[in-house]
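All values derive from a computational prediction rather than experimental measurement.
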Amino acid sequence: MIHIRILSVPKSERFPEGVKYGLHYGRKGGDDPIVRYDNHHGVHERHEGDTVEEIPFPGVETLLRRFQDEVETHR
């Protein structure tokens, strides 16, 4: 299951780039994602299973391409 959500939000301390996103690839009904990128808490993160790492934000287009490449490697 792939779920992509990218929202334009007002620039703020929490979202200085003016974007809020969640890029999720996982099994339907599964607890942990296969891979997910998000900044829901104002921090750019990459999730793989139950592992979470903070990442730099290269921009929406670059991050979306990286996510798509990772989904392909996991299929």
Side-chain angles (χ1 to χ4, degrees):
M1 175 178 80
I2 296 173
H3 181 79
I4 296 174
R5 184 179 77 158
I6 302 170
L7 303 171
S8 176
V9 298
K11 289 184 179 183
S12 65
E13 189 174 312
R14 186 171 174 187
F15 301 107
E17 297 90 0
V19 65
K20 183 176 178 180
Y21 62 88
L23 313 172
H24 177 91
Y25 175 55
R27 292 175 186 82
K28 189 171 183 173
D31 290 335
D32 293 322
I34 295 170
V35 66
R36 180 175 70 230
Y37 289 87
D38 68 54
N39 69 336
H40 297 303
H41 305 288
V43 177
H44 300 282
E45 297 177 328
R46 179 184 177 277
H47 304 251
E48 185 169 357
D50 62 356
T51 302
V52 180
E53 65 178 311
E54 191 171 329
I55 62 167
F57 181 65
V60 173
E61 294 85 6
T62 300
L63 192 62
L64 186 54
R65 280 193 302 275
R66 181 176 169 185
F67 172 74
Q68 291 169 327
D69 289 345
E70 286 195 60
V71 167
E72 287 304 314
T73 63
H74 286 286
R75 285 188 159 184

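- Side-chain atoms of His74 and Glu72 include no donor-acceptor pair closer than 3.5 Å.
- Thr51 is linked by a side-chain contact (heavy atoms from CB on, under 4.5 Å) to nothing, counting only residues two or more places apart in sequence or in another chain.
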Inset, instruction - Quick one: do Glu61 and Arg65 satisfy salt bridge (charged side-chain N to carboxylate O under 4.0 Å, His left out)? Show the steps, please. - result: CA-CA 6 Å; Glu61 294 85 6; Arg65 280 193 302 275; over 6 Å; no

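- Looking at Glu70 and Arg46, a side-chain N of the basic residue comes within less than 4.0 Å of a carboxylate O on the acidic one, giving a salt bridge.
- Residues Glu53 and His47 form no side-chain contact, since every pair of their non-hydrogen atoms from C-beta on lies 4.5 Å or further apart.
- From Asn39, atom CG reaches atom CD of Glu17 across 7.0 Å, with rounding to the nearest 0.5 Å.
- Between Met1 and His24 the shortest side-chain heavy-atom distance falls below 4.5 Å.
- Here the shortest heavy-atom pairing between His40 and Gly22 reads NE2-CA, 4.0 Å.
- When hydrophobic side chains of Ile, Leu, Val, Met, Phe, Trp and Tyr are connected at separations under 4.5 Å, Ile55 ends up clustered with Ile2, Ile4, Ile6, Val19, Tyr21, Leu23, Tyr25, Ile34, Val35, Tyr37, Phe57, Val60, Leu63, Leu64, Phe67, Val71.
- At a threshold of 4.5 Å between non-hydrogen side-chain atoms, the residues Arg5 and Lys20 count as touching.
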